[in-house]
Structures are given as structure tokens and as C-alpha cells.
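Naming convention: chains lettered A, B, ... in sequence-line order (proteins, then strands); numbering from 1 in each chain. Every value quoted in this text rests on a predicted model; they were computed, and no experiment measured them.
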Number of protein chains: 4
Amino acid sequence: MFIHVAGYLLSEGAVTRVTHQYVAARREAILDAAARLFARKGITSATMADIAAEADLSAGAIYRYFASKNELLRAVFDEAVTRNQQLFREEALAAPSPLEALKRVGRRVWVELDDRDALICDIQMALTAAREPYDFGIELSRNRESIRQLLEELIRAAQDAGEIDRSIDASALAFLLQATTSGVQMLKLDPG
Amino acid sequence: MFIHVAGYLLSEGAVTRVTHQYVAARREAILDAAARLFARKGITSATMADIAAEADLSAGAIYRYFASKNELLRAVFDEAVTRNQQLFREEALAAPSPLEALKRVGRRVWVELDDRDALICDIQMALTAAREPYDFGIELSRNRESIRQLLEELIRAAQDAGEIDRSIDASALAFLLQATTSGVQMLKLDPG
Amino acid sequence: MFIHVAGYLLSEGAVTRVTHQYVAARREAILDAAARLFARKGITSATMADIAAEADLSAGAIYRYFASKNELLRAVFDEAVTRNQQLFREEALAAPSPLEALKRVGRRVWVELDDRDALICDIQMALTAAREPYDFGIELSRNRESIRQLLEELIRAAQDAGEIDRSIDASALAFLLQATTSGVQMLKLDPG
Amino acid sequence: MFIHVAGYLLSEGAVTRVTHQYVAARREAILDAAARLFARKGITSATMADIAAEADLSAGAIYRYFASKNELLRAVFDEAVTRNQQLFREEALAAPSPLEALKRVGRRVWVELDDRDALICDIQMALTAAREPYDFGIELSRNRESIRQLLEELIRAAQDAGEIDRSIDASALAFLLQATTSGVQMLKLDPG
DNA sequence: TATGAATGAGTTTTCATTCAT
DNA sequence: TATGAATGAAAACTCATTCAT
């Protein structure tokens, strides 16, 4: 060690940075593979070996990145929640008017429906949360609530701008929009 | 075996009838137990032993009624589809007018949402169908289609009766109603 | 069920008794197999498959009798403790005088040393208890203490009967006897 | 590689000496770490990664010093045997009289009992030797025998010096002393 | 020499399914 | 028909060991 000190000090930073990038990339790859396989086969039926193969790894290697299958599942769900939130906020912020924002969000959701894996992932997430509310449900619930609030704010703003009839109950409409969105997701599942 | 002695004392016909009733009742019990457990634990996590226990049977006995877990699953799904169809048709037939029929169907669906197990079963069915379209998807798809048609017919009838604005696209409205229904199901799942 | 009632009532007792005996015998067989293999290969290296094979079963079958490898280990240890206690008490009760009791216990311990598997099991138990005091140590500690007390009582009785010099500290001698016994166990381990 | 540059600035001899010292120190550190972890977790449960971490190294690095976990185990056992031998000889040589030598050895052994890790290591060694006599037992056996002879010689010398009653069987007493020593080790294990 | 990511064999555990009773 | 013990094929997870850097 005393002989190598200089060398280590020089290289450590670089090595660490490279390794971190590599590790982060692998983590991401596993996460993506898991999301795909959970969607295609179902959470229980997707084996760690399946996921590993999809991520070009051996099954054991996954455990360097995620402590257990359950942790991996949680991470996949976290990513899905984040993705959903971003989708809404991005469109809402970019739009020139409240009504336009609502329309764009709707259009964006419609487009995203073509990502079948993400679609299934969302529904599976809801099911899992329904069955294990304390392990998985809390964040999902918060997520849904925050999206509902965003919709409600947009509706009220549109009402203030005269773009939507003021007699409409903004809260109820927000609920209805969200329900319809979820519903369209369900219908989109239909393989027919 | 001696345990059948009592049965043999009855005339052949009676025995057969009793046995048939008995078998049918057991089948139904297993089906119900399976539906409950598939909903609560998920299809893969619900074991045959769980289901047997819930139906007051031993694990092996189920195989007298269903050839495999997959067959049992199929039967559970069949029942769910049938139940859904009946629900719609019953209400539609009993209503005095088309619009009233639509309203009653809506109310009935709303009430059924409180059967959490049925709710989860429906969603799980859709997921399974999405993943294995040829094994499970076809009938589900037909079911959804037939319900959509029923809705569309009711809407058209209501339009003919002047109860609904004729400028509305009946087909699109039927789709929307169905989507909203599915969507409310999803929101109802939310444990929060 | 209603058809079979009579038959079931008649046979249930018999069936249950037979089954219970069978189950108990299997449990015992597994326990013995496990004790042997824990001794021969060590606790960690003895696999459930090894144990099952030694007990003429498949690995999975063990789980009908013991919830986990750890439970099985605990049961093996429990049996060893019980065996040790019995050995001491039996000899002590049967002897005509306190000193004779001490001698008989000593002779019995000496004889038991030839059961190499039991020997190793005892030592392994002590090691395991040392490492996981709260999981395994408490009962073992109690066991050792109760044997020490028995020895002390015997020594005091022998002193009262004039068989052992009264100037000797009974407690210290009991400790020494126990230590020597343990020590001879250790030396007996020596394969040379 | 550049990380060796500093080392090359030194003369060949110096580099070699430093490297040798370094290697020896590392080897020793690994050996100590392994002894500690084998004692605390058990041989099988202590992982190479555990040991490496305890020795401030990465898992792979150990293989520069020991070809396998088994070799490492063997080395740990060798050290323990050597330590035991030295302990006895040191005290025996330093004592002014044979009886005093015996007493000092006894006292030293008593003191060493407080090194719980060494204690457990000794017992584990005996167990391992009992199970794999040809791999691990031979040297241990020789060690025990040589200590017994040393004790016997001391006893005889004490008898010749009139310090111990000549009627006592020196060989038997040596055996007994050794057994008691081992036995006290076992009792010391007791967590209670 | 040191690192630590990856591998692959092995271990515990679970469960659908079978079958003797 | 019902039971429940047993099987055997997975599946999650662990770890000694290797190897590119």
C-alpha cells in the first residue's frame, strides 16, 4: 500500500467514476429488463433467471444491484410512478393555456398507451398495491392523488380563463378524467 | 367400500341425483374458493392447498373436479364473464326505458364495485388475457365486445326515444362509458 | 359428506391413530438422520437433501415435519438435551448410595462416549449455543446448570454419608467433575 | 504499471525486502481475520468476502495469499496448533521447578480462556479434525500427544524432585490434566 | 498486486400433481 | 370420493472462485 499510494491517488477518482457509471448503467438495464418481464409474464412468473438473461447477466449477478426480487419490484414500481408524474408535469408546464394543457396531457396519455409493457406495468402495480397496501400501496396512492390535484388545478384555471363552463364541479371532473384514463388503459389491454 | 353403504340403500336414481347435486355443489364451492384466493393472493401465489382449505377439502380432492390449476383458473374466469354478462342483461331487460336501462346498469356496476374480490378478479382476468391472448383472451374479448354492443344499442334506442341527443356518436359514447366503468374499477382498487 | 357420515365416524379414529403413529415415526426417523448428518458433516454442510436421503425421503418431504432447517436443528438439539438429562437422572435414582451414584454416572458417561455421533452433536451444540446464545444457548445453559446441581447434591449427600471428605468444596468438585467429563469428550474426539 | 513506479526507484534489494515484509504482514492479517470470523460465524458461514473485509482487502485479493478457503482454514489451524505448543513450552522452560512449571502452564491456560475467539477456534478445530481425520486430524493429534508427553515429563520430574507423590500414575494424571483443561474450555463456552 | 463484477454450482424452500389407502 | 404423504421440478438466493482492469 505504501508503495502504491501515489498511483492510487491518481487513479482512484477515475476508476471510481467509471465504475459508478458502469454500475448505474447495469442497474438501469436490470430495471428495464425486469419491467419488461414483469409485464410479459407477470411478477411471480418472471424468474430472476429470466430477468438476468434479458439483461445479459447471470441470475446471481442481479443480487449485487438489488437485495431481493421484492426490492427489484419496488424499484420497478418507483420508476413507473416517477415516469407517470413526469409525463403529466412536462405537458402541463409546456402548454400555453389551461385547456390546452388538459388536451395535451390527454393526447400524451393516449400516445403512451402504445407502450404495452408500461401499460401492463401500471395495472399490475395497482393490483399489487391493492393486495399489499402497506408495502406497495402508499406511494401509489399518493401518486394518484397528486395527479388528480394537478388535473383539478388545470380545470379550475381553465374555468377562470373562461375555457370551461364554471358550473362544472372541477373535482368531480378531475376524478372522471382520471377514471376514464384508467379505463381506456384497461380497454387497451384487450388483445382483440 | 363400507363408507358408501348408506348411499346404496337408496334407489339408483336417487343416489345418482344426490351425487350429482353433491358434485355440483362441491365444484361451485371450489370455484368460489379459488376466485376469492386468486383475488386476495394473486393467481400464482394462491396454492391448491390454500384453495382446498378454503373450500373445506384436501388438496388432492380438487383434482376430481378440475384437471389442473390452469383449468380451475379458466373456470373461474368463465364464471366471472358469465356473471358480468348476466348483470348487464338483467338490468337492461328489466328497465322501462332505454335511458333508464343505462342508468340502472350504471348503478348496478357501481354497487358491484364493493365486491372487492370480484373487482380484483376482473382486473386480473384482463391482465391474464393480455398476456396469454390465445389461452384466455378470446372469450374475454368477445365478452367485452358484446357488452359494448349492448350499450350501443341502448344508446341508440334512447336516441330514438328522444332521451339522448341524436348528434352524439352512439358507438363512441358506448366506448367511453365502458372505459369509464373500467376506470372507476381501477380507482376503486386504490387502498388509500 | 352426508352420505359418508357413518363410515367416517367409524373409520376416522382408526385412520387418525395409524396416521399419527406413522407421522411420529417419520418425524423420529428424520430427527435421527439429521442428528447423524449434522454430526458427520457439520450443521451447515449437511444439506436437507442429505438428511432426506438418510431418512429415505425426498428433500421436500421434510418440510411436512419441520418448518425449516433451523427448526430441525433445534429439534435435534432438544433431543440431545433430553437424552443427557435422562442419562444422569436414571443412574442417580437407581444407585444404592450417593457415591455409588456418582460412580455410575461416571461409568455411564464413559460408555456413552462411544456414540461418536452423539459426542459430536453435544460439542456442536455447545459451539452453536456459544455463537447464537439467544436462539440456542438458553436451554443448553439451563441444562448444564441442572446437571451441575445434581452432581453437587450427590457430592453433599456422599459427604453426609461419610463417603467423601467433608473438607472438600462440593460446588467446586461438581464443577471439576463436569469439566473433566466435557474434557474427556473432547479428547475422545481425537481421531488418533 | 504506473502504480509501481515509486517502488522501482528503490534498489532491487530494498524493494524485495519491503515487498516480502508487506506480503508477510498481509498474510498474517488475513490469517487473523479468518480466525476471528471462523470463530464468530463458523467455518462455513464465514464468507471469503467477510474475511477480506475484516482484513481490509477485497475478496479476490485473498487468493494471492491462499489458494482456497480450505487452504486458509488449514493455515488458521496450523497457527492455532503452533500457538498452543508455544504457550506450553514457554511456561515450562521459564519455570524454576517442575511443579511450578505445571502450575504456570495451568495459570496460563486459564488466562487464555478469556480469548473467546481462540477458544472457539480450538474446539472447532477438534470438531473438524474429528470429521476429516486425514485432512485435518493428523497434525492435531500429534499436537495433543506432544503436549501430553510434556505434561507427563513435568509430572515425572516433579515426582523425582519429591514435589508430587510417587505413587501417582504420571501418564494417567497427564491425561486427566489435559482432559480437565479441555473440559474447562467447554464450560467457558457456556454463554450463561 | 488489488479490485470487484461476474459466474455457476449448490442450497433451502415451495408447490402442483400423483397415488396408496 | 376424500385424504394427505410423497415426489420432483422449479425458484430465490448465496458464495467460492475467476478474471479483466
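For the pair A:Leu72 and A:Ile51, the minimum side-chain heavy-atom distance is below 4.5 Å. Put simply, the side chain of C:Ile120 reaches to within 4.5 Å of the side chain of D:Arg131, judged on heavy atoms.
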List, one per line, each side-chain donor-acceptor pair under 3.5 Å for residues 31-40 of chain C, sequence neighbours excluded.
unit_1, atom_1, unit_2, atom_2, d
C:Arg36, NE, C:Glu54, OE2, 2.6
C:Arg36, NH2, C:Glu54, OE2, 3.3
C:Arg40, NH2, C:Asp117, OD2, 3.4

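Following rounding to the nearest Å, C:Lys69 (NZ) and F:dC13 (C1') show an atom-to-atom distance of 14 Å. Going from atom CG of A:Leu73 over to atom C1' of F:dC13 covers 17 Å, rounded to whole Å. For the pair B:Gln21 CD and F:dT1 P, the computed distance is 14 Å after rounding to whole Å. Between the NE2 atom of C:His20 and the P atom of F:dG4 there is a distance of 10 Å, given to the nearest Å. Between the C1' atom of F:dA16 and the OH atom of A:Tyr63 lies a distance of 18 Å, rounded to the nearest Å. In this structure, CD1 of B:Ile30 is placed 11 Å from C1' of F:dA2, rounded to the nearest angstrom.
Shown here are the side chain to side chain contact (heavy atoms under 4.5 Å, CB included) partners of C:Ser58, two or more places apart in sequence or in another chain: C:Ala61.
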Between the protein and nucleotides 5-7 of chain E, are there any N/O to N/O pairs under 3.5 Å, and if so, what are the atom names and distances?
unit_1, atom_1, unit_2, atom_2, d
E:dA5, OP2, A:Arg64, NE, 3.1
E:dA5, OP2, A:Arg64, NH2, 2.4
E:dA6, OP1, A:Tyr22, OH, 2.6
E:dA6, OP1, A:Arg26, NE, 2.9
E:dA6, OP2, A:Tyr65, OH, 2.6
E:dT7, OP2, A:Ser58, N, 2.6
E:dT7, OP2, A:Ser58, OG, 3.1

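Note on residues 57-77 of chain A: pairs passing ring pair (Phe, Tyr, Trp, His ring centres under 6.0 Å), not counting sequence neighbours, are A:Phe77-A:Phe136.
Non-hydrogen atoms lying under 4.0 Å from DNA chain F are contributed by nothing in residues 36-52 of chain B.
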What would the secondary structure line of DNA chain F be in dot-bracket form, counting Watson-Crick and G-U wobble pairs under 3.5 Å, with [ ] for pairs that cross earlier ones and | for pairs with another strand? .||||||||||||||||||||
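Shortest non-hydrogen contact noted between B:Met125 and B:Ala80 is SD-CB, 3.7 Å.
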